[in-house]
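Numbers restart at 1 for each chain; the letters A, B, ... are given by sequence-line order, proteins then strands. Remember, predicted model here, so these are calculated numbers, not experimental data.
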Number of protein chains: 2
Amino acid sequence: MAPIELPPGDALKLWHQIALRQVLDESPDLNIRQIAILLTIYLEPPPHTVRDLARKLKVTKPVITRALDTMSHMKLLERRPDERDRRSIVVRRTVEGTLYLEKLGDLISHTARGQGSNG
Amino acid sequence: MAPIELPPGDALKLWHQIALRQVLDESPDLNIRQIAILLTIYLEPPPHTVRDLARKLKVTKPVITRALDTMSHMKLLERRPDERDRRSIVVRRTVEGTLYLEKLGDLISHTARGQGSNG
DNA sequence: CCTTTTCGTTTCGGTACCGTACCATCGAAA
DNA sequence: TTTCGATGGTACGGTACCGAAACGAAAAGG
């Protein structure tokens with residue numbers, strides 16, 4: 001895989017266009033912690049528990065609980081009891097969450113493509 | 001300028017790493033609207049008034065007013081009365097805001113560079 | 001059994017954001 | 001001058017987030 005050349009100035013323009021698009025589209029505005037949690041769940045190997053996520057992001061457990069409340073209500077992910085240890089829960093992906101992140105990836109990718117050229 | 005090739009999968013990994021870094025660094029978490037406002041002010045030609053920003057982002061004026069309150073308190077930008085029309089204010093850049101966005105651009109750029117290569 | 005530890009959730013007080021509606025000021029035009 | 005529209009700010013009620021602390025349930029260990 002070739003390194004991606006993205007000078008700081010272009011990076012900010014890219015960020016700007018993506019932020020602008022998200023605002024104009026009125027897409028659900030997850031805060032930065034929720035985004036980090038969601039992407040960790042989808043991009044890193046399972047299982048994901050509240051405790052693991054809290055430790056990985058260096059946030060308190062209630063932050064994870066509340067983020068899971070919000071995002072599971074949006075159907076972006078799903079809680080499941082852990083069969084082996086009933087104190088734990090396991091966070092799982094959903095179809096809706098997969099679609100949401102696919103769209104996000106496409107948006108970033110497409111914006112980056114338009115960004116580099118002189119358009 | 002060459003087009004930037006950033007496949008959706010890599011885009012999500014990039015997003016993940018940047019979000020993770022922002023959370024771990026406890027950087028001030030501006031919401032998506034505030035980011036869009038800030039970058040518009042810094043990347044598009046002045047002058048920037050509340051009304052212009054509200055129209056450009058298709059949000060209500062109080063959204064802009066509150067975002068300016070928050071970000072001017074963080075010294076990321078500055079309100080100034082418009083000399084020509086005293087009903088208007090003009091939003092201006094600050095040194096701190098410039099530094100903040102320079103750091104953000106560097107973070108994105110650096111993360112993207114590490115993203116594409118196998119590092 | 002009983003105590004301690006672990007896990008996720010809930011509660012508490014506080015802060016920040018939202019949209020709707022209203023307000024004070026300024027500028028333009030009669 | 002008065003009237004009217006434009007501009008930015010404020011007030012209100014509601015929602016969501018935060019950290020700290022307390023909680024109930026389940027596991028671990030005596």
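- No more than 12 heavy-atom neighbours from other residues, nucleotides or ligands sit within 6.0 angstrom of CZ on B:R21.
- Put simply, CG on A:D69 is 11 Å from P on D:dA16, counting in whole angstrom units.
- Considering only side-chain N and O atoms, B:R33 lies under 4.0 angstrom from the phosphate OP1 or OP2 of C:dG19.
- With distances taken from any side-chain atom of A:I89 to the nucleotides C:dG8, D:dG8, D:dA27, the minimum falls on C:dG8.
- Checked for salt-bridge contact, B:D85 and B:R87 meet the test: a charged N lies under 4.0 Å from a carboxylate O.
- What separates CG of B:L30 from C1' of C:dC17 is a distance of 13 Å, to the nearest Å.
- To the nearest angstrom, P of D:dT10 lies 13 Å from NZ of B:K61.
- The hydrophobic cluster containing B:L107 does not contain B:L99, counting ILVMFWY residues as joined when their side-chain heavy atoms lie under 4.5 angstrom apart, directly or transitively.
- Here A:T65 does not reach the OP1 or OP2 of C:dG8: none of its side-chain N or O atoms lies under 4.0 Å away.
- Between B:R87 and D:dG9, a side-chain N or O to OP1/OP2 separation shorter than 4.0 Å is absent.
- Atom CG in B:L6 sits 7.5 Å away from atom CG in A:L14 (nearest 0.5 Å).
- Between the C1' atom of C:dG19 and the NZ atom of B:K58 lies a distance of 18 Å, rounded to the nearest Å.
- Rounding to the nearest 0.5 angstrom, the gap separating the CZ atom in A:R33 from the CG atom in B:D29 is 6.5 Å.
- The distance from atom CG of A:L68 to atom P of D:dC18 is 11 Å, rounded to the nearest whole Å.
- The CZ atom of B:R66 sits 7 Å away from the P atom of C:dG19 (whole-angstrom rounding).
- Comparing C:dC17, D:dG8, C:dG8 against the side chain of B:N31 picks out C:dC17 as the nearest.
- Among the protein residues, A:D85 comes within range of the sugar-phosphate backbone only, with heavy atoms under 4.0 Å from sugar or phosphate atoms but none that close to a base.
- Residue order along DNA chain C, read from the 5' end via each residue's closest nucleotide, puts A:R79 first among B:R84 and A:R79.
- The nearest whole Å value for the distance from the CZ atom in A:R51 to the C1' atom in C:dG8 is 12 Å.
- Within 4.0 Å (heavy atoms only), B:S88 reaches sugar-phosphate atoms of the nucleic acid but no base atom.
- Remark: A:T49 is not in phosphate contact with C:dC7, judged by side-chain N or O atoms under 4.0 Å from OP1 or OP2.
- For the pair A:R86 and A:T60, both in contact range of DNA chain D, the more 5′-proximal nearest nucleotide belongs to A:T60.
- For the pair A:Q34 and A:E83, nearest-nucleotide mapping onto DNA chain D gives the more 5' position to A:Q34.
- With rounding to whole Å, A:H73 atom NE2 is found 17 Å from C:dT9 atom C1'.
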